[in-house]
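All residue numbers in this chain count up from 1 along the given sequence. All values derive from a computational prediction rather than experimental measurement.
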Amino acid sequence: MPSTARWPRRVAASLLTSVAFTLTLFAAVDPAAAHPYGYPQTVTIAADATRPEVVHLRWKAGGNDELTLLGVELGLLPQDRVLLDGAISFQASDATVLASSAPFTNYLLKQMTVSSDGHACAGAVDPPSDLAGSGVDVDYTCAGPVGAARVEVRMLSDLDPAYQTVATGPQGQRQVYGPGRYAHDWALGDAPLTSEASVTDHDRATAWKVAGSVGPLLLVAAVVSLLRRQVRRRRVARALPS
């Protein structure tokens, strides 16, 4: 039978191996790969300081490879940019080709829409000078001053429904667009935060998801620490004179 002094060390070693393996899995994820599980794409929503009828949206891809994938899907780039194993062969010129194309402009206006008082606002894309670096701006002109706007974002969801978009707006408003939540109401100017409750609920849900992911690792670390203390105490007990 193995001695009781060795058992904690074996358990601790096993737990440490599990932690190391889990961390290796996290480190192995390539955030630049063109899939919905890397860095998220972002949208910034803002009112116009001098034109109250205008709403500004700025979209930025989560990674350059996503621009290449979108370019292939829109027929602007050759199919061989997507390799057989699913990897994307990105070139610096891909963003330039995409930014200067009419299909990309049409795609933006289709996948991102703004409405106010139940009426759609007309969008106009500002040709981006650095699509990969700073993203692209789209201005939406509504029929009158905008107090609250409904913004719908479905960017890249046609490529993979798992894609999500992290959006931020005035007064610290935030929302994550994704499956089942492609529309959200935003307060602009002095309008009340009509969707504050839904934002709070989403933040709570996000916090629980993070806790669910990180919690097991923290628990393992706590168990390892406890076992190490037990080993030290037994060593000290054996060293003390009886």
Side-chain angles (χ1 to χ4, degrees), residues 36 38-64 66-67 70 95 98-99 104-207 209-210:
Y39 290 127
Q41 54 189 330
T42 60
V43 166
T44 304
I45 299 163
D48 191 289
T50 59
R51 297 175 296 168
E53 73 279 6
V54 174
V55 180
H56 298 290
L57 268 64
R58 170 173 289 186
W59 174 79
K60 189 176 185 303
N64 292 339
E66 292 175 351
L67 298 177
L70 181 56
L98 197 65
F104 179 59
T105 296
N106 296 334
Y107 182 81
L108 287 169
L109 297 178
K110 176 185 177 183
Q111 302 299 106
M112 296 196 303
T113 61
V114 176
S115 60
S116 178
D117 293 329
H119 301 286
C121 305
V125 178
D126 184 13
S129 58
D130 185 10
L131 178 60
S134 57
V136 56
D137 294 321
V138 186
D139 296 341
Y140 295 84
T141 303
C142 304
V146 180
R150 167 153 290 200
V151 178
E152 298 188 25
V153 178
R154 292 180 170 83
M155 292 297 294
L156 307 183
S157 63
D158 53 330
L159 308 186
D160 190 322
Y163 270 109
Q164 300 190 76
T165 304
V166 176
T168 56
Q171 305 176 49
Q173 298 173 81
R174 55 200 178 277
Q175 171 68 8
V176 177
Y177 288 96
R181 54 181 191 279
Y182 290 117
H184 187 71
D185 294 329
W186 297 81
L188 304 174
D190 297 328
L193 296 175
T194 55
S195 58
E196 182 176 1
S198 63
V199 172
T200 302
D201 291 342
H202 176 266
D203 290 344
R204 289 173 180 169
T206 301
K209 288 180 181 179
V210 173

**Q** Drop me the distance from T165's OG1 to Y182's OH, to the nearest 0.5 angstrom.
**A** 8.5 Å
**Q** Looking only at non-hydrogen atoms, find the nearest pair between A95 and L131 and report the distance.
**A** O-CD2, 3.7 Å
**Q** What pairs of residues pass the salt bridge (Lys or Arg N to Asp or Glu O under 4.0 Å) test when at least one of them lies in residues 46-62, not counting sequence neighbours?
**A** D48-R51, R58-D137
**Q** If you measure from CG on L98 to CG on L108, what distance do you get to the nearest 0.5 Å?
**A** 8.0 Å
**Q** Output all residues satisfying side-chain hydrogen bond (donor to acceptor under 3.5 Å, both in side chains) with Y177, sequence neighbours left out; order by chain, then residue number.
**A** W186
**Q** So, Q173 side chain and A187 main chain: donor-acceptor pair closer than 3.5 Å or not?
**A** yes
**Q** Would you give me the side-chain donor-acceptor pairs under 3.5 Å for residues 148-159, sequence neighbours excluded?
**A**
residue : atom : partner : partner atom : Å
R150    : NE   : D185    : OD1          : 2.7
R150    : NH2  : D185    : OD1          : 3.3
R150    : NH2  : D185    : OD2          : 3.0
E152    : OE1  : R154    : NH1          : 2.7
S157    : OG   : R154    : O            : 2.7
D158    : OD1  : Y107    : OH           : 2.6

**Q** Find out whether R181 and V176 are in side-chain contact, i.e. whether some heavy atom of one side chain is under 4.5 Å from a heavy atom of the other.
**A** yes
**Q** Has the side chain of Y140 got a donor or acceptor atom that lies under 3.5 Å from a matching backbone atom of M112?
**A** yes
**Q** Would you list the pairs meeting disulfide (SG to SG under 2.5 Å) in which at least one residue belongs to residues 143-179, sequence neighbours left out?
**A** none
**Q** Taking all non-hydrogen atoms of both residues into account, name the closest pair between P179 and P161 and its distance.
**A** CG-O, 3.0 Å
**Q** Without placing hydrogens or testing angles, list every side-chain donor-acceptor pair under 3.5 Å for residues 117-126, not counting sequence neighbours.
**A**
none

**Q** What's the shortest heavy-atom distance between L67 and A132, and which atoms?
**A** CD1-CA, 3.9 Å
**Q** Under the rule for side-chain hydrogen bond (donor to acceptor under 3.5 Å, both in side chains), what residues qualify as partners of Q111, not counting sequence neighbours?
**A** none
